[in-house]
Colleague: 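One structure, pasted below without further comment.
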Amino acid sequence: MSMIDVERLRGDFPILGEVKVHGRDLIYLDNAASSQMPRVVIERIARYQCEEHANIHRGVHHLSDVATTAYESARSTVRRFINAREDREVIFTSGTTDAINLVAHGWGRAFVGAGDEIILSEVEHHANIVPWQMLCEEKGARIRVIPVDERGELDLDAYAGLFNERTRLVGITHVSNALGTVNPVREMIATAHARGVPVLVDGAQAVAHEPVDVQALDCDFYTFSGHKLYGPTGIGILYGRAALLEKMRPFKGGGDMILSVSFEKTTYNTIPHKFEAGTPPIMPAVGLGAAVEYLSALGLPAVAAWEQSLLAHATERLTAIEGVRIIGTARHKAAVISFNIADVHPHDVGSLLNDEGIAVRTGHHCAQPVMKRYGVPATVRASFAFYNTRAEVDALVVAVQKIRRLFE
Ligand code: PLP
């Protein structure tokens with residue numbers, strides 16, 4: 001496994017060298033919200049815009065053909081990245097939220113009825129709660145919740161006990177955005193499949209940080225966003241098992257998702273086009289393809305090893321500061337640390353860190369049930385990428401010590 005040469009790789013990210021905050025070098029620790037784009041992605045997007053842009057699929061002219069090839073080859077790149085069996089199992093969406101909504105509408109409205117149940121975990125992002133709640137309201141179905149323990153690990157015995165003959169779907173996050181917990185999704189999928197229940201995995205916080213193989217996981221749906229994967233906003237992926245996608249109803253109607261239309265009857269296109277109505281986000285898809293190529297060339301095992309070393313270092317140093325409480329201490333974590341400093345409001349911590357040039361996220365992280373579980377309204381969240389350094393972690397620690405002293 002090759003190691004990460006972090007100083008050299010930082011040179012790939014223009015924003016890391018260019019931005020000053022209050023006269024200081026930017027220390028960007030908000031990667032779980034959105035990561036930065038390397039120059040190759042920015043340049044690929046620019047090249048697409050300068051040399052290849054046209055609408056896709058329906059054109060016979062040269063540029064339309066070039067743009068179609070660029071878009072469809074991005075799909076193949078993503079397929080290889082997650083090891084899906086076929087390109088048609090990879091659907092471009094506008095992001096994770098859009099992908100989950102697509103499943104809630106396309107699959108849920110067809111297969112969930114009154115009295116049915118959907119199992120979600122207590123650590124889900126709102127994107128993997130609200131679409132199911134809306135479906136349940138419409139259908140008279142209900143949500144069952146897998147509880148999380150004090151460390152931030154899901155209670156797997158309780159999970160196994162939630163299944164019954166009305167269970168229609170399990171929706172679980174691969175990595176919790178608020179706690180950093182890496183859930184044992186493979187084992188949880190096996191539990192669900194043993195009872196004939198399909199599983200959607202929200203991979204928004206996982207794909208950029210560890211290798212993901214949808215066939216090895218054996219998941220039925222897997223979702224993620226380009227902007228957390230060193231790509232642009234406005235693009236995301238729904239992976240779905242072909243047999244399930246074929247049974248699903250389209251979510252949006254319009255151009256490109258049809259084979260024929262008359263006022264009497266419309267025949268839908270084959271997958272994946274059935275789910276990509278209208279002009280899709282062509283340029284963001286091309287950018288995502290470039291981001292995935294960049295990350296694949298680095299190698300996710302090396303990325304994960306570096307990020308884990310940052311996590312261990314940050315955890316050790318922050319834990320040593322009196323008054324700092326880390327929320328989420330699971331045995332298997334991604335490089336995300338949620339914490340609070342005594343009773344200082346997280347927003348105050350966030351803006352004091354900003355004064356030092358350090359970007360973190362503060363708030364409920366779109367995971368209010370998790371905040372409620374830990375009895376806090378909000379946390380400060382530092383989230384690392386492979387381009388972060390030990391020196392940046394140390395700067396965070398020094399700034400936290402300073403804030404702690406201010407409020408003593
Ligand atoms: N799921 C998780 C675990 C997330 O962390 C996020 C974003 O923070 C989302 C879903 C929603 O992603 P998006 O806003 O890109 O749709």
Side-chain angles (χ1 to χ4, degrees), residues 28-37 78 82 91-105 120-134 146 148 152 154 170-185 188 199-210 212 217 219 221-239 251 275 280-281 284-285 287-288 291-292 307 327-328 330 332-338 359-371 373 378-385:
Y28 189 76
L29 305 179
D30 194 19
N31 296 287
S34 271
S35 51
Q36 300 298 345
M37 282 194 279
V78 171
I82 57 170
I91 294 156
F92 285 118
T93 66
S94 68
T96 308
T97 305
D98 193 33
I100 297 172
N101 274 277
L102 197 168
V103 180
H105 282 260
L120 304 175
S121 88
E122 201 172 5
V123 303
E124 296 311 309
H125 186 281
H126 297 164
N128 201 25
I129 300 176
V130 184
W132 302 113
Q133 244 165 3
M134 291 163 76
I146 313 163
V148 65
L154 297 181
V170 173
I172 35 169
T173 192
H174 197 161
V175 173
S176 155
N177 68 312
L179 306 175
T181 310
V182 180
N183 288 321
V185 285
M188 294 176 78
V199 181
L200 176 143
V201 179
D202 171 356
Q205 296 295 342
V207 274
H209 307 286
E210 62 172 278
V212 168
L217 289 177
C219 55
F221 301 106
Y222 197 95
T223 60
F224 54 97
S225 302
H227 66 99
K228 298 179 196 290
L229 186 55
Y230 309 103
T233 53
I235 188 76
I237 296 294
L238 168 66
Y239 156 80
F251 172 28
F275 299 109
L288 174 59
V292 163
E307 291 178 359
I327 293 154
H332 190 187
K333 276 186 68 172
V336 170
I337 301 189
S338 256
V360 293
R361 188 136 299 242
T362 61
H364 54 61
H365 316 295
C366 297
Q368 284 182 338
V370 186
M371 298 295 115
R373 163 69 180 76
T379 71
V380 182
R381 183 186 70 187
S383 53
F384 306 106

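Residue indices begin at 1 and follow the sequence shown. Each ligand, and each atom within it, is numbered from 1 in the order the structure gives.
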Colleague: Note every protein N or O atom lying under 3.5 Å from an N or O atom of ligand 1, pairing the names and giving the distance.
Modeller:
residue  : atom   : partner : partner atom : Å
ligand 1 : 1 (N)  : D202    : OD1          : 3.3
ligand 1 : 1 (N)  : D202    : OD2          : 2.5
ligand 1 : 5 (O)  : Q205    : NE2          : 2.7
ligand 1 : 8 (O)  : H125    : NE2          : 3.4
ligand 1 : 8 (O)  : K228    : NZ           : 2.6
ligand 1 : 15 (O) : S225    : OG           : 2.7
ligand 1 : 15 (O) : H227    : NE2          : 2.7
ligand 1 : 16 (O) : T96     : N            : 3.4
ligand 1 : 16 (O) : T97     : N            : 2.9
ligand 1 : 16 (O) : T97     : OG1          : 2.5

Colleague: Looking at D98, I100, T93, which hits side-chain contact (heavy atoms from CB on, under 4.5 Å) with L238?
Modeller: T93
Colleague: Counting only N and O atoms by type, is there a donor-acceptor contact under 3.5 Å from the side chain of Q205 to the main-chain atoms of A32?
Modeller: yes
Colleague: Look at the aromatic rings of Y222 and H174 and report parallel, tilted or perpendicular, splitting at 30° and 60°.
Modeller: perpendicular
Colleague: So which atom in V336 and which in N177 form the shortest heavy-atom distance, rounded to 0.1 Å?
Modeller: CG1-O, 3.6 Å
Colleague: If we check side-chain contact (heavy atoms from CB on, under 4.5 Å) with I172, which of these qualifies: V199, V123, N128?
Modeller: V199
Colleague: Please determine whether side-chain hydrogen bond (donor to acceptor under 3.5 Å, both in side chains) holds for the pair H125 and T173, giving the CA-CA distance in whole Å, both sets of side-chain angles, and the decisive distance to 0.1 Å.
Modeller: CA-CA 8 Å; H125 186 281; T173 192; over 6 Å; no
